[in-house]
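This is a predicted model, so every value here is computed, not measured. We number each residue from 1, following the sequence as shown.
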Amino acid sequence: MQNTTQKPSFEFIALMASLMSIVALSIDALLPAFPEIGVSINSLDATEHQKLVTMIFLGLGVGQLFFGPLSDAIGRKKVVYLGMVITLLASLVCVFSPNLEWMLFGRIVQGIGLSTSRSISISMIRDMYKGDVMAKVMSFVTAFFILVPVVAPAYGKLVLDLANWQAIFYSQMVITILVGFWFWKRQPETLKPEYKQPFTIRMFWDGFKEFLKYKESVAFTLISGLVTGAFLVYLSASQHIFEDQYGLKESFPYIFAGLAISIGLSTLSNGTLVLRFGMRRLSLTALILFCIIALAFVVLYMGGPNPNVYVLVAFLSLQFFCLGFMWGNFRSIAMEPIGHIAGIGAAINGFFSTVVSIPIATFIGLFVDTHVYPLFLGLAVCGLLSLAIFLYVRKAKNLVPATS
């Protein structure tokens with residue numbers, strides 16, 4: 001039964017947030033260890049190390065295509081367990097990687113395994129809730145996903161100082177097992193037996209055709225990909241920007257944490273404001289401000305040197321504060337019409353938003369070498385494209401006459 005007014009369970013939110021947090025920790029805890037990993041696997045090009053982030057996102061996108069439909073067939077919980085096993089095995093591949101190629105392979109497989117925690121948690125939320133209540137739950141869960149990077153780099157640096165970069169992977173494996181045990185003991189299956197569908201190739205094709213029927217689902221999947229792609233440039237290049245361009249190796253984890261707090265605060269605020277103002281109005285306002293801030297940076301620093309680090313952090317904080325009102329709401333708007341195919345719908349949404357974001361991040365990341373300017377130019381372009389799509393869909397929806 002989907003709830004539109006019932007107060008969400010705290011433990012349910014905490015469990016879904018923990019599943020999401022495993023993903024965030026696996027991405028961000030490794031950032032301070034990039035130089036040490038590079039030496040260990042004989043890869044000294046800082047721009048190549050960005051792939052350790054983008055490749056895990058590639059795995060996250062690809063894995064959902066398989067595990068989303070599978071969860072519609074056998075249930076959500078079994079798929080989460082399977083993904084955790086894959087994640088643990090892939091972590092071992094990363095630990096014993098002799099070169100960059102094997103490390104990237106391990107990160108892709110790790111992402112494939114982690115895709116279950118990411119996409120199935122969204123499916124379970126959609127199984128339980130809909131409308132603005134769903135957006136509220138999604139906001140709180142996304143907030144935890146975003147707030148984990150507050151401590152992840154500092155956590156990774158602490159483990160690195162006490163042991164080595166391999167210990168970061170081992171500690172993540174322990175955390176994954178603990179969350180898996182909690183999930184097994186306390187979380188009931190959310191997929192009702194009557195909604196189960198046989199797992200076939202046609203199941204994906206039918207789900208994809210059903211997905212395409214809903215313009216908002218398609219449009220906000222694309223918007224999510226554009227915005228995520230721009231942010232992914234920062235995520236993958238942040239270590240290079242602050243440690244190499246600005247020479248702030250010791251301060252990097254704290255700067256990263258402060259910026260993550262900016263997103264987390266706005267995401268938590270969204271969880272309380274969305275029931276009052278609605279997810280569409282909040283996300284549109286945030287997107288407009290996002291574009292204005294990015295364009296302001298582009299105009300002010302065109303052709304000049306990198307700005308003072310305090311100016312850079314201020315601009316990024318404002319950008320990321322806007323993101324907190326966008327991510328969860330965009331995902332909720334895309335998922336709202338397709339609750340009847342929540343598993344395959346979340347998979348398609350996650351896959352195609354990732355397919356859009358990875359090339360964007362890879363391309364823009366090539367230019368973030370000696371200057372941070374390409375990052376903001378990318379944020380501006382992706383933001384403006386997202387705004388154009390949002391306004392087009394909004395206008396088309398308003399032109400459709402209401403039916404009695």
Do R394 and L284 have side chains that approach each other closer than 4.5 Å (heavy atoms only, starting at C-beta)?
yes
Ignoring hydrogens and geometry beyond distance, is a side-chain donor-acceptor pair present between S91 and Q172 at under 3.5 Å?
no
Would you call the rings of F105 and W102 parallel, tilted or perpendicular, taking 30° and 60° as the class edges?
perpendicular
In terms of relative ring orientation, are F231 and Y234 parallel, tilted or perpendicular, with 30° and 60° separating the classes?
tilted
With sequence neighbours excluded, residues passing side chain to side chain donor-acceptor pair (under 3.5 Å) with S171
Y155
Between T190 and D127, is the side-chain hydrogen bond (donor to acceptor under 3.5 Å, both in side chains) condition met? List the steps.
CA-CA 6 Å; T190 60; D127 287 339; 2.8 Å; yes
Under the 3.5 angstrom rule, does the side chain of Y373 hit a backbone N or O of V298 as a donor-acceptor pair?
yes
Would a distance-only check, ignoring hydrogens and angles, find a side-chain to backbone donor-acceptor pair under 3.5 Å from H371 to G304?
yes
Distance-only donor-acceptor check, side chains Q245 and N306, under 3.5 Å:
yes
With distance as the sole criterion, is a donor-acceptor pair present between the side chains of R280 and N329 under 3.5 Å?
no
Which heavy atom of V79 sits nearest to which heavy atom of T116, and what is that distance?
O-CG2, 3.5 Å
Could you pull out the closest heavy-atom pair between C94 and Q110, with the gap in Å?
SG-OE1, 4.3 Å
Measure up the F297 and Y301 rings against each other and bin them: parallel (under 30°), tilted (30 to 60°), perpendicular (over 60°).
tilted
Does the side chain of H49 come within less than 4.5 Å of S43's, by heavy atoms?
yes
Derivation and outcome, side-chain contact (heavy atoms from CB on, under 4.5 Å), residues M279 and E336
CA-CA 11 Å; M279 53 189 170; E336 188 177 33; 3.4 Å; yes
Between F252 and Y246, does the ring centroid distance fall short of 6.0 Å?
no
Would you please classify the geometry between the F376 ring and the F315 ring as parallel, tilted or perpendicular, with 30° and 60° separating the classes?
perpendicular
Cut-off 3.5 Å, side chains only: do W182 and E11 have a donor facing an acceptor?
yes
May I ask you to check whether N42 and N99 show a side-chain donor-acceptor distance below 3.5 Å?
no
Geometric cation-pi criterion K249 and F242, 6.0 Å radius, 45° cone
no
